[in-house]
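Here is the naming used below: chain letters follow the sequence lines, and residue numbers restart at 1 for every chain.
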Number of protein chains: 2
Amino acid sequence: MSNRRSPRLDLTPAGRMEEARLQKVLGYQLAQATIVTDAIFREQVGKPLNLRPVEYTVLTLIAENPGGSLVRLARALCVTPPNISTMVDRLEAKGLIARESSEEDRRAHVLHVTSKGADLVRKATQKIVAAESQALPLSAGEQAILAELLHKVALARSKVLGG
Amino acid sequence: MSNRRSPRLDLTPAGRMEEARLQKVLGYQLAQATIVTDAIFREQVGKPLNLRPVEYTVLTLIAENPGGSLVRLARALCVTPPNISTMVDRLEAKGLIARESSEEDRRAHVLHVTSKGADLVRKATQKIVAAESQALPLSAGEQAILAELLHKVALARSKVLGG
DNA sequence: TATTGTTATACTCTATAACTATA
DNA sequence: TATAGTTATAGAGTATAACAATA
């Protein structure tokens, strides 16, 4: 974890401003780290594959959970149903997913990816994972630890938001 | 790091969707963790102190860097100058910061917090830090490691974005 | 010419409200 | 009465373009 050759500086990653207090705020650090991963996503997937971050996530969740409903997606991503609705519209218009009426519950829809969508998800995930491990100054072990800790934070959601 | 009593499940924190592939994508995990820290911020600071996340960050950076300019803030936060400009307008209207013309460079403005702003920053940071360590299932050591790793990721910004 | 900062504007993201159709 | 999903609309958030003042 420690690296004697690059000591921790209390400066923002850009603009060279003192940020000692903010370094104690996890929310701030998440935002700063997200600037980097957003840039990687945009470069590797957003621009070349014409896919927005949330679209990629929705597409992946549908790919891994065929037959899921809109409401489950909304809950998983913590966004409102209207959002998911229009998002799914876009993905359907692009030919990446298909939406059918459920036979058990005729209110609900059943979602699954098309082969085109499955290909896109596979390629996108491959590119992001490769680009992240190449661009980020983390060892494989550090990446694993980071993933684990972030997952723990994410799991506090029910405690914080209820549900 | 490991916890035998709560084995890692490849399920989303809500909605119980399979997310094995996404767990390899750092950007996704950051987004999921941010859902939690955003909720904590809103509850502890956003609502009671009537402050938005970016406003809090800007206010803190000004408090720690008195005499700084708008452009430096924009660079630190990776947003465009017009954004910072209106944000600073709001903070000034709330009486939290003061903006003066620089004497060295008469184009530039010099920013510093008012005593009201300094009080607010102190109280806000206190509340967030306390709430985060209370609400998140991380030991002090884990929090430190997480902070360190996120900082490393954030430092990759120049590599990814240039500059 | 380049930089600081502003205004005006537009686009994206996400939320709420109101609705339908089913259960 | 509650739930799945949609449409319409409104509010943040952030970006680009065009500009004024200064370096």
Whole-Å gap separating P (D:dT6) and CG (A:Asp89): 6 Å

A:Arg99 CZ to D:dA4 P, straight-line distance once rounded to whole Å: 15 Å

Separation of atom CZ in B:Arg106 from atom C1' in C:dT6, rounded to whole Å: 17 Å

Integer-rounded Å distance: C:dT22 P and A:Glu103 CD: 15 Å

Check: D:dT3 base within 3.5 Å donor-acceptor of A:Arg107 side chain: yes

Listed nucleotide nearest any side-chain atom of B:Asp105, set C:dA8, D:dT14, D:dA23: D:dA23

Hphob cluster co-occupancy, A:Leu146 + B:Leu22, side-chain heavy atoms under 4.5 angstrom: no

Atom-pair distance (CD1 on B:Ile84; P on C:dT3), nearest Å: 19 Å

Presence of salt bridge, A:Glu148 and A:Lys152, under 4.0 angstrom: no

A:Thr80 side chain near C:dT14 phosphate (N/O to OP1/OP2, under 4.0 Å): no

Whole angstrom value for the distance that separates C1' of D:dT6 from CE of A:Met87: 15 Å

Touch class at under 4.0 angstrom, heavy-atom based, for A:Arg72 against every strand present: nothing

Test log, rule side-chain contact (heavy atoms from CB on, under 4.5 Å), inputs B:Ile40 and B:Leu136: CA-CA 10 Å; B:Ile40 293 174; B:Leu136 302 180; 4.1 Å; yes

N or O in side chain of B:Arg52 less than 4.0 angstrom from D:dG13 OP1/OP2: yes

A:His109 NE2 to D:dT3 C1', straight-line distance once rounded to whole Å: 13 Å

Pair B:Asp119 + B:Arg122: basic N to acidic O under 4.0 Å: yes

Candidate nucleotides D:dT14, C:dT14, C:dT6, ranked by approach to the side chain of B:Val54 - the nearest: D:dT14

Sugar-phosphate, base or nothing in reach of B:Glu104, heavy atoms under 4.0 Å: sugar-phosphate

N/O (side chain, B:Asn83) to phosphate O (OP1/OP2, D:dG13) under 4.0 Å: no

side-chain N/O A:Ser85 vs D:dT6 OP1/OP2, d < 4.0 Å: yes

B:Val129 and A:Val25: CA distance, side-chain angles, deciding distance, side-chain contact (heavy atoms from CB on, under 4.5 Å) verdict: CA-CA 6 Å; B:Val129 170; A:Val25 177; 4.2 Å; yes

Rounded distance in Å - CG (B:Asn50) to C1' (D:dA12): 14 Å

Residue-phosphate contact under 4.0 Å: A:Ser69 side-chain N/O, D:dA4 OP1/OP2: no

